[in-house]
Structures are given as C-alpha cells and as structure tokens.
Amino acid sequence: MTNPSQDQIQGIRRYAVLLPLVGLLGVLFCFFVSLELMGVSMKLLGKGFATQLIETTSNPFVALFIGILATSLVQSSSTVTSLAVSAVAGGGLTIAGAIPIVLGANVGTSVTNTIVSLGHVARKDEFGRAMGAATVHDFFNLLAVAIFFPLELIFGFLSTSSAALTRGVTGVGGAELFDFVGNLTGPVVDGLVRLLQNSGALVLILGVLLLFLSLRYLVVLLRSLFLGRSERLINKYLFGPAPLALAFGTLVTIMVQSSSITTSITVPLVGAGIVTVTQIFPFVLGANIGTTITALLAALVLSSGGDSLGIAALQVALAHLIFNCCGVLAFLPIQSLRRIPVAMAEFLGVLVVKNRAWAAVYLGCIFFVIPLAIILLTRSLGY
C-alpha cells in the first residue's frame, strides 16, 4: 500500500477545513430558520393581542410593561416598535404613549436570547455560560430603562431631545434595506408555515425543535472551527476592542434587521467557551442600536410628506434611537459601570448551574408574569 503524496495530504487537509465550514453554514441556516419560525409562530398566536394592547393604553407605566409583554409574545422589537410608530402615524397612539412602549420593546426583545440559552440546559457549565450571555442584554436594557424612563416621565428627556432631532431630519425619505437573512430563509419558512396550515402552535413546536437541534451541532462545529488562529481573529476583531465590537454589532444588525438574530448567535459562542460575556457586551450594545433602523426607516417614509402625524411617528422612532445611544454612553465608556450588567448576568449564570429551575423562574417572571400582572392590576384599579 503506497503512502499518500504531499498533494493528496494537502487536499485532505483542505477538505477537512472545508467540510466543517459547509456544515456550519448549513447549521446556521437551520438556526436562522428556527428563529424565523418562532417569530412567525408568535405573530400567528399573539400579534392581534399585541396590536390591541398597543392601541388601548394611556398610562406610561402600563405602556412600558405592554411593550415588554407584546415584544415577548411577538419576539421582535422591530415589529412592536413599527406597530407603535404606525399607530402614532394613524392617530391611534400619542407620542407620550408610544415612547414607553418602545422602551419596553427593548427589554422584551431579549427573550429570544434566553430561550436560545435553554438549548444548553443538558450541560451544566455550558448552560451557565450561555445563560450569562443571553441575559447580559436583559440586564443592560433593564438598567437603561431604570435610568431613562424616570427622566422621561419627570423631564421629558427623550421627548424633548427627539423633537429637536426630528426638526433637523424632517422631510428626509426612507428606503428599505436588504433583508439578507429574510431573503435566504423566507421561502423555506413560508413553505413550512403553509405545510403546517398556518397553525401558530405547530409552527412554534417545529421552530423550538429545530432550534435545539441546530444549537447542539452549532456548538460542536464552532468549537472545531474557532480554535487557534480563527479564535484569535474573532477575539481581536468581532469581539475585540469595545468601539470596534460596538460598530460590528450595529452593522450586522442593520444587515439582518434583527437584534434577536445578532445577539442570539453570541449565546452558543459563549456557551462553547470561545468568548466571554465581557467580550460580547459591546457587540450586544451595537445590536441594540442597529435594531432601531426598521422603525426609523418606516417613520422616515411616513414623515416624508410633512404630515403632522408622520412627523410625530418619526419623533417616536428617533426617541428609540436616542434611548439606545444614551444607554451605550452611560455604560460602555466607564469600566466599573460596564461591569454591572455583566456581573448581574454572570451571577444568574452561576445560579442556573446550581439549580436549572432559576432559568424558568427568570424567563417566566421577567417577560410574562410580572408585565401581565402589572397590566391587569393597574387596569383593574382604573389607571
């Protein structure tokens, strides 16, 4: 039996590198399809409810929790903020009522990350890291709301600043960005939804199953690919210096038009031990800024004719952008402040390693039980 030549050995090595890469692309495609399916299922199950909630509130405090609950149901802050902007443009919602909703949407959008982290539940240490990665987005948004929501209620900080910015950009038309992920996954998702006869429950079940399967193999492939030089490159650039990571997070989210996709992809990376929660934090903040683009473009189109309601819709979209930018400025530049949401997320990761039940308690209470209880309580009291 003859030994393989040098060319044959190099060819085998090329295929050895290429096959995991092709596999990774396939698994990522399945991962994106699963997220799309989950989003579609929530829209089938809850979009009408979300729309009804958005259009029937006048209490800013209640509106905040409506934003959280509606986004948790639809699993898309872009959908909820676009609904809020459209409601303002249609005269069904005031600026004062819409701004708290978009702040709540910022919190609710990170429910997808937390659900994604449950795919690691069978492996304790991996699950702890994944939970930390998933919830650093939550804790940042909760802290940002705790700072800027009172400022809005007392001083009208977001309303005033967005009004000033609106005057500077009124009349500028918007244009649709290319939804690269949607173009790729759309035909597959549409076909699967039709196959399941538009059943929200069945689409959700399929999405969750596909999510768990794709996550299982995503971790395996990431570990095999991001070793050595590849790992050094990703640490140096994508999750490297904070300003660079922030820019990457913003640009990637603008390209895929979904912060849920952008931030969810960091969960298995941290779960696999490739990067840390501290490293992904600036990238996640960039995703928070990038996710404002969808509603902002819609508002730019609505305001291009100079209609007063369209201009009001633009002000709401700009308030969302200002809120996320101010949140970044409040936490990212100062190392001690940057550590607060990271430490909170890592602590929750430690808790779920000790007892996985904490994950279910956290997910249920933050995104569903508490918002729904506050909405029902305040309305029953007539607020």
Walk me through it: do L285 and I289 pass the test side-chain contact (heavy atoms from CB on, under 4.5 Å)?
CA-CA 7 Å; L285 299 194; I289 295 174; over 6 Å; no

Test your reading of the model: is there a side-chain donor-acceptor pair from E152 to the backbone of S159, 3.5 Å cut-off?
yes

If you define the side chain from C-beta out and look only at heavy atoms, does anything of T263 sit under 4.5 Å from F283?
no

Would you confirm whether T291, through its side chain, and A287, through its main-chain N or O, come within 3.5 Å as a donor-acceptor pair?
no

Would L337 and F149 show up in the same hydrophobic cluster when neighbours are defined by side-chain heavy atoms closer than 4.5 Å?
yes

With the 4.5 Å side-chain cut-off for hydrophobic clustering, are I334 and V136 part of the same group?
yes

Can you check whether L64 reaches I101 side chain to side chain, under 4.5 Å on heavy atoms?
no

Taking only distance into account, with no hydrogens and no angle test, what donor-acceptor pairs under 3.5 Å do side-chain atoms of residues 357-370 form with protein atoms, sequence neighbours excluded?
| unit_1 | atom_1 | unit_2 | atom_2 | d |
| --- | --- | --- | --- | --- |
| Y362 | OH | D138 | OD2 | 2.5 |

Any donor-acceptor pair under 3.5 Å from S117 side chain to M131 backbone:
no

Does some side-chain heavy atom of V80 sit less than 4.5 Å from a side-chain heavy atom of L73?
no

Please report the closest heavy-atom contact between L158 and S161, naming both atoms and the distance.
O-OG, 3.3 Å

Do T109 side-chain atoms and A105 backbone N/O form a donor-acceptor pair below 3.5 Å?
no

Exactly one of T292, T81, L321 clears side chain to side chain contact (heavy atoms under 4.5 Å, CB included) with V102, and that residue is T81

Take L103 and F323, measure what side-chain contact (heavy atoms from CB on, under 4.5 Å) needs, and give me the verdict at the end.
CA-CA 8 Å; L103 299 191; F323 167 70; 3.4 Å; yes

Backbone N or O of F157 within a donor-acceptor pair of the T160 side chain at under 3.5 Å?
no

Going through the distances and angles, do F65 and L372 end up as a side-chain contact (heavy atoms from CB on, under 4.5 Å)?
CA-CA 8 Å; F65 287 94; L372 183 59; over 6 Å; no

Atom CG in L151, atom CD1 in I154: separation rounded to 0.5 Å?
7.0 Å

Donor-acceptor pair, S110 side chain versus N113 backbone, under 3.5 Å?
no

Do side-chain atoms of N324 reach the backbone of N288 as a donor and acceptor pair under 3.5 angstrom?
yes

Checking R129 side chain against T276 main chain: does a donor-acceptor pair fall under 3.5 Å?
no

Sorted by first residue and then second, give each side-chain hydrogen bond (donor to acceptor under 3.5 Å, both in side chains) pair with at least one member in residues 95-105; sequence neighbours left out.
none

Between F140 and F331, is the ring centre distance below 6.0 Å?
yes

Run the numbers on T278 and R338 for side-chain hydrogen bond (donor to acceptor under 3.5 Å, both in side chains), then give the verdict.
CA-CA 9 Å; T278 301; R338 191 191 310 179; over 6 Å; no

Taking all non-hydrogen atoms of both residues into account, name the closest pair between S72 and V111 and its distance.
CA-CG1, 3.9 Å

V353 to G128 - nearest heavy-atom pair and separation
CG2-CA, 3.5 Å

Heavy-atom side-chain proximity of N106 to H320 below 4.5 angstrom
yes

Mind checking whether V350 and E346 have side chains closer than 4.5 Å, heavy atoms only?
no

Smallest heavy-atom separation, R123 atom then G119 atom, equals NH2-O, 3.4 Å

Show your reasoning for whether side-chain contact (heavy atoms from CB on, under 4.5 Å) applies to V88 and Q315.
CA-CA 10 Å; V88 171; Q315 184 178 339; over 6 Å; no

Quick check: do L118 and F127 have side-chain heavy atoms less than 4.5 Å from each other?
yes

Closest approach of I68 and P371, non-hydrogen atoms and distance?
CG2-CG, 3.8 Å

Are L296 and L318 close enough that some pair of their side-chain heavy atoms sits under 4.5 Å apart?
yes

Is there side-chain contact between F239 and I274, with at least one heavy-atom pair below 4.5 Å?
no

Same apolar cluster: F347 and L143, side chain cutoff 4.5 Å
yes

Do V107 and I147 sit in the same hydrophobic cluster, where Ile, Leu, Val, Met, Phe, Trp and Tyr count as joined when their side-chain heavy atoms come under 4.5 Å apart?
yes

A130 and H120: which non-hydrogen atoms are nearest, and at how many Å?
CB-CD2, 3.5 Å

Test side chain to side chain contact (heavy atoms under 4.5 Å, CB included) applied to L206 - qualifying residues, sequence neighbours left out
L37, L192, L196

